[in-house]
Amino acid sequence: MNQPVAAFAARSLLSRYTSCTVLAIGAHPDDLELGVGGTLARLVRADARVVMAIVSLPGDHERRLAEARAAAAILGCELRILIGAGRRIDDFKPYQLVGMFDELVTDLAPVAVLTHSATEFHRDHTAVYQATVSAQRLRFFDFFSYHPTMCRPVQMPFQPRAYIDVTETIDTKIKAINAHESQFAGRGLDTEVYRDFARLHGRMIGVKYAEGLDVGRMLLA
Ligand SMILES: [Zn+2]
């Protein structure tokens, strides 16, 4: 059997970000855990500083804030919430969203940014993707998009172009997802489907579990 990953193990993509700041942006709490939870946990283990920026906390603000904090702690990431209680992403014009991300990028100077993809069924997610695209003009960071995220599976077109082996962090990812009790256990929703997604992506590169990313921009020096 081919062992494609073994040949690249000493040249991990993640080691590229050791001692650097990686910014991960999600429209709502749970988006980042679903889309790139395993990758974020691996980045932390590779000694990157990982900041999870959540744009808004819909619903019960206090509960969702507590869940977001618990999940970020499980992954080992810093957490920033961009919009205060009682306001939604729809309340902001596109230039205001871009302004928020400009501030983040200027403040954190990330070497990589992970965000939603262009193909999402949730309008908040596409708004966040588009504002992140605009923030690229400020710095030359690597730019990745993660798989469309959802609490209930919906088929969306997404073509991964890079795969991260998350075999060692898949359990951490599922634990971080489960921290969002109001979205899953509280609604009787199963989270093992996300392990299935990771298993499917893992099959594509010969590992047990993986997460797929689309590549918007990357410098190979
Ligand atoms: Zn969302």
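Bear in mind that the values here come from a model prediction, so they are computed numbers and not experimental data. First listed ligand is number 1; within each ligand, the first listed atom is number 1.
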Identify, with sequence neighbours excluded, every residue that meets side-chain contact (heavy atoms from CB on, under 4.5 Å) alongside Thr167. Asp165, Val207, Lys208, Tyr209

Near Glu181 CD, under 6.0 Å, is it more than 12 heavy atoms from other residues, nucleotides or ligands? no

Within 6.0 Å of CD in Glu192, more than 12 heavy atoms from elsewhere: yes

Do other residues, nucleotides or ligands put more than 12 heavy atoms under 6.0 Å from Arg217 CZ? yes

Taking atom CZ of Arg45 as the centre, report whether more than 12 heavy atoms of other residues, nucleotides or ligands fall under 6.0 Å from it. yes

Would you say the rings of His122 and His116 are close, in the sense that their centroids are separated by under 6.0 Å? no

Using a distance threshold of 2.8 Å, what protein N/O/S atoms lie below it relative to the Zn ion (ligand 1)? His28 ND1, Asp31 OD1, Asp31 OD2, His125 NE2

